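Worksheet for the structure shown next.
Predicted model, so just to flag it, every value in this text is computed and none were measured. Letters A, B, ... mirror the listed sequences (proteins, then strands); counts begin at 1.
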Protein chains: 4
Amino acid sequence: MSITSELRRVVADLHRELTRYELVIWTAGNVSARVPGRDLMVIKPSGVSYDDLGPEAMVVTDLHGELVEGELAPSSDAAAHAYVYRHMPEVGGVVHTHSPYATAWAARGEPIPCVLTMIADEFGGDIPVGPFALIGDDSIGRGIVETLRSSRSPAVLMRNHGPFTVGATPRAAVKAAVMVEDVARTVHIARQLGTPDVIGQDQIDHLYARYQNVYGQ
Amino acid sequence: MSITSELRRVVADLHRELTRYELVIWTAGNVSARVPGRDLMVIKPSGVSYDDLGPEAMVVTDLHGELVEGELAPSSDAAAHAYVYRHMPEVGGVVHTHSPYATAWAARGEPIPCVLTMIADEFGGDIPVGPFALIGDDSIGRGIVETLRSSRSPAVLMRNHGPFTVGATPRAAVKAAVMVEDVARTVHIARQLGTPDVIGQDQIDHLYARYQNVYGQ
Amino acid sequence: MSITSELRRVVADLHRELTRYELVIWTAGNVSARVPGRDLMVIKPSGVSYDDLGPEAMVVTDLHGELVEGELAPSSDAAAHAYVYRHMPEVGGVVHTHSPYATAWAARGEPIPCVLTMIADEFGGDIPVGPFALIGDDSIGRGIVETLRSSRSPAVLMRNHGPFTVGATPRAAVKAAVMVEDVARTVHIARQLGTPDVIGQDQIDHLYARYQNVYGQ
Amino acid sequence: MSITSELRRVVADLHRELTRYELVIWTAGNVSARVPGRDLMVIKPSGVSYDDLGPEAMVVTDLHGELVEGELAPSSDAAAHAYVYRHMPEVGGVVHTHSPYATAWAARGEPIPCVLTMIADEFGGDIPVGPFALIGDDSIGRGIVETLRSSRSPAVLMRNHGPFTVGATPRAAVKAAVMVEDVARTVHIARQLGTPDVIGQDQIDHLYARYQNVYGQ
């Protein structure tokens with residue numbers, strides 16, 4: 001089962017980006033990766049300290065969040081991640097944090113307006129708000145999927161809760177989690193002392209197309 | 001006296017979480033642990049740099065804060081910790097910080113409203129404010145205990161002073177100290193640009209019950 | 001080609017200042033250096049993680065941003081850097097970040113007023129705003145150069161985008177990037193609760209002259 | 001000359017506290033120490049990176065800021081430090097930073113009100129504002145001394161400039177620099193969403209007396 005061994009290492013390493021960018025505290029937050037070609041995912045266990053999150057601590061679940069491989073109970077958000085993988089076949093990674101600025105927009109139920117070139121680049125428009133949903137059934141997963149389907153954004157701000165992000169790879173989902181907090185903070189700061197300039201839709205489309213197709217190696 | 005040796009190490013290590021999450025500066029802030037089955041506690045010494053807080057620097061006091069074992073004078077907050085242990089037998093750890101966002105709510109005498117799922121999970125409702133109390137007698141301890149008794153919250157915001165948190169273990173009290181600062185910050189940010197949505201009491205109860213009983217390993 | 005080897009190392013090392021001062025996230029932001037006496041510059045490659053930015057990853061381009069030496073595609077901001085070098089012969093280094101406070105002023109299109117001695121010292125007056133410009137042609141470079149030419153400031157806040165800074169050396173440009181974020185933050189904080197005092201033009205001139213001529217070794 | 005060797009090491013080490021608590025950027029900020037029994041002080045050189053500030057980089061000046069021993073030019077704030085030592089014989093250490101929250105209060109010319117027990121403990125009342133003063137003569141030093149003489153506070157917020165702090169030892173002055181930024185931040189946050197409660201003068205006096213006489217070892 002070498003593919004899940006490799007993915008456990010990737011997912012464990014990506015959790016270190018959450019602490020590096022101060023997106024999480026204590027044991028909150030989680031990264032998962034779809035196991036390619038299998039109805040499985042690799043995800044963080046529930047309530048384990050980030051200092052102890054080596055590859056061996058990661059768990060493998062099915063796409064309903066039920067434990068398949070590993071010693072520990074899966075993240076309590078496993079059902080939400082699993083729902084996303086079941087309904088969005090293009091998604092290879094999911095991330096959830098309570099990063100403070102993104103969560104503050106979520107607490108007000110207010111989308112982050114596309115007033116920075118960086119937002120146009122990565123999110124292709126405003127970053128949308130998803131519904132309030134209680135943990136324990138499919139509500140959170142459904143809220144994520146329904147919101148993301150009507151947007152180009154890889155991030156959704158779940159009301160009173162925090163951001164969920166997706167990507168073709170788990171690394172791309174982590175990048176979106178880092179960027180959503182960064183732009184949530186910058187737009188918050190801009191709004192504190194006035195009103196940021198708007199970027200036109202044509203310009204947003206131009207920036208989004210270029211960044212998605214030209215940026216990087 | 002191996003039990004206090006082990007607790008000295010635990011308490012010393014937990015102080016590192018206060019600096020990791022930037023809840024304290026210089027020598028401010030302190031963690032204590034009840035010595036199980038004894039009328040004793042382990043606590044940080046007064047005015048010692050966090051760089052020098054190894055296990056051997058920790059002191060043991062009775063439950064009035066009087067030194068029993070150790071070379072150094074106990075924290076000037078020892079009497080407040082001791083009062084909590086005398087009056088709340090379920091408490092195994094106490095933490096005090098002046099973390100900036102929680103202390104800012106305390107300075108205004110304003111409870112942190114339960115507008116995030118994370119607040120419902122950990123605190124079970126609004127995070128309450130305790131009275132203004134001067135150091136030097138039982139006032140601080142009494143204010144902590146009276147406020148916590150009428151709340152599910154493990155954290156109290158002492159007016160003009162800062163947060164005190166409790167837990168069944170010292171680690172749980174430190175977790176509450178980390179989380180109270182995190183939610184104090186996020187709700188502050190949310191409130192700067194508007195009014196966060198309210199979470200209904202039934203939903204708070206659902207979240208609190210689940211987190212207290214299901215989360216973690 | 002030892003001169004570009006040395007410059008690759010200098011430029012790689014300077015990128016570490018961007019992460020040290022939290023001016024950049026993920027792969028955003030870039031530093032470049034003019035190759036003295038040649039129509040060449042050394043710049044960061046596009047979309048590469050800061051952990052992987054050793055000297056060997058840096059690329060050499062001509063002063064239109066076209067790759068001359070190196071394995072990787074140049075930063076997508078290479079054309080803007082190159083435009084600056086073509087039109088400002090006194091510039092030896094250029095830096096671009098999306099640092100949050102400076103970018104917030106840029107999002108509102110509001111210059112940072114010269115209300116701190118540190119702003120007078122380094123920037124010689126208000127820190128100006130440049131036009132909104134789309135990536136892909138000379139617009140960004142032209143906006144930077146036209147704005148800087150009518151100011152003593154080594155920093156320009158490009159609308160909805162972020163700061164660009166210049167210097168006689170790449171290190172001086174990085175210093176300006178660090179300082180523009182610092183003063184953007186301090187003036188933001190000051191303005192949140194009132195109106196900072198103004199510094200008179202004579203005093204600004206005095207401070208600027210002294211800092212430019214006397215400060216340092 | 002072993003006493004200045006030892007003080008060079010102490011002063012070099014204390015500069016690391018300025019970076020640890022993010023009170024300074026780049027080469028800004030400085031710590032000095034009076035050489036006991038001599039009309040000399042040890043101070044940071046001008047414009048040297050914090051990475052290069054070992055004991056050997058420190059310089060010794062007379063109490064007019066003129067170089068007596070060392071290879072490098074003294075801090076451009078040496079004259080201000082020297083003025084303090086000449087006029088306040090009880091002072092053994094002086095610190096200057098541009099820490100953002102304290103500098104923001106300074107930019108508005110607004111004292112930090114004594115609304116936290118930590119302010120009463122360390123500063124004994126409101127933290128006062130000093131005059132606007134230009135570098136280059138005795139103005140800054142005179143402004144510091146005149147302001148501190150009419151206050152119990154070891155910190156003064158120099159208008160449009162930043163905080164200066166003093167102490168019986170250089171370590172005590174650094175502690176005051178760390179604490180003035182911490183309380184500047186907490187009171188700023190408190191004031192953003194309302195008005196902090198006031199602490200009565202009797203209570204301030206009680207807290208100040210206790211902290212100055214009982215706290216620590």
- Message: Can you tell me which of G47(B), S46(B), S99(B), P45(B) forms the most heavy-atom pairs within a distance under 4.5 Å of chain D?
- Response: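 Of the options given, most contacts go to S46(B).
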
- Item | Most contacts with chain D, counted as non-hydrogen pairs under 4.5 angstrom, among G162(B), A107(B), G136(B) |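 Max contact count across the listed options: A107(B).
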
- Of all the heavy-atom pairs spanning I199(D) and F132(B), show the shortest one and how long it is.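 What the structure gives for the nearest pair is CG2-CZ, 3.9 Å.
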
- Message: Looking at every heavy atom in both I135(B) and H206(D), which two are closest together, and how far apart are they?
- Response: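 Looks like O-NE2, 3.1 Å.
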
Heavy-atom pairs under 4.5 Å with chain B are the metric here; pick the option from [options] that has the most.
| options | answer |
| --- | --- |
| Q192(D), K175(D), E181(D) | K175(D) |
| A190(D), A120(D), P196(D), G194(D) | A190(D) |
| V187(D), V174(D), L207(D), T186(D) | T186(D) |

- Query: Is it true that D197(D) and R159(B) make a salt bridge, defined as a side-chain N closer than 4.0 Å to a carboxylate O?
  - Reply: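 Yes.
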
Looking at [atom1] of [X] and [atom2] of [Y], how far apart are the two atoms once the value is rounded to the nearest 0.5 Å?
| X | Y | atom1 | atom2 | value |
| --- | --- | --- | --- | --- |
| E22(B) | E22(D) | CD | CD | 6.0 Å |
| T117(D) | N160(B) | OG1 | CG | 7.5 Å |
| H98(B) | M179(D) | NE2 | CE | 8.0 Å |
| R185(D) | Y101(B) | CZ | OH | 7.5 Å |
| I189(B) | L193(D) | CD1 | CG | 10.5 Å |
| W26(B) | R171(D) | CH2 | CZ | 4.0 Å |

- State, without any angle test, whether T27(B) and Y215(D) hold a side-chain donor-acceptor pair at a distance under 3.5 Å.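 Yes.
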
Examine whether an atom of [X] lies under 4.5 Å from a heavy atom of chain D, and if so say whether it belongs to the side chain, the backbone or both; otherwise answer neither.
| X | result |
| --- | --- |
| S75(B) | neither |
| S49(B) | side chain |
| D77(B) | neither |

- Can any side-chain N or O of Q217(D) pair as donor or acceptor with the backbone N or O of A73(B) at less than 3.5 Å?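 It does hold such a pair.
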
- Compare all side-chain heavy atoms of R210(D) with those of S76(B) and state whether any distance is below 4.5 angstrom.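 Side chain of R210(D) against side chain of S76(B), heavy atoms only: contact under 4.5 Å found.
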
- Query: Taking everything shown except D39(B) itself, do over 12 heavy atoms lie less than 6.0 Å from its CG?
  - Reply: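 No, not enclosed.
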
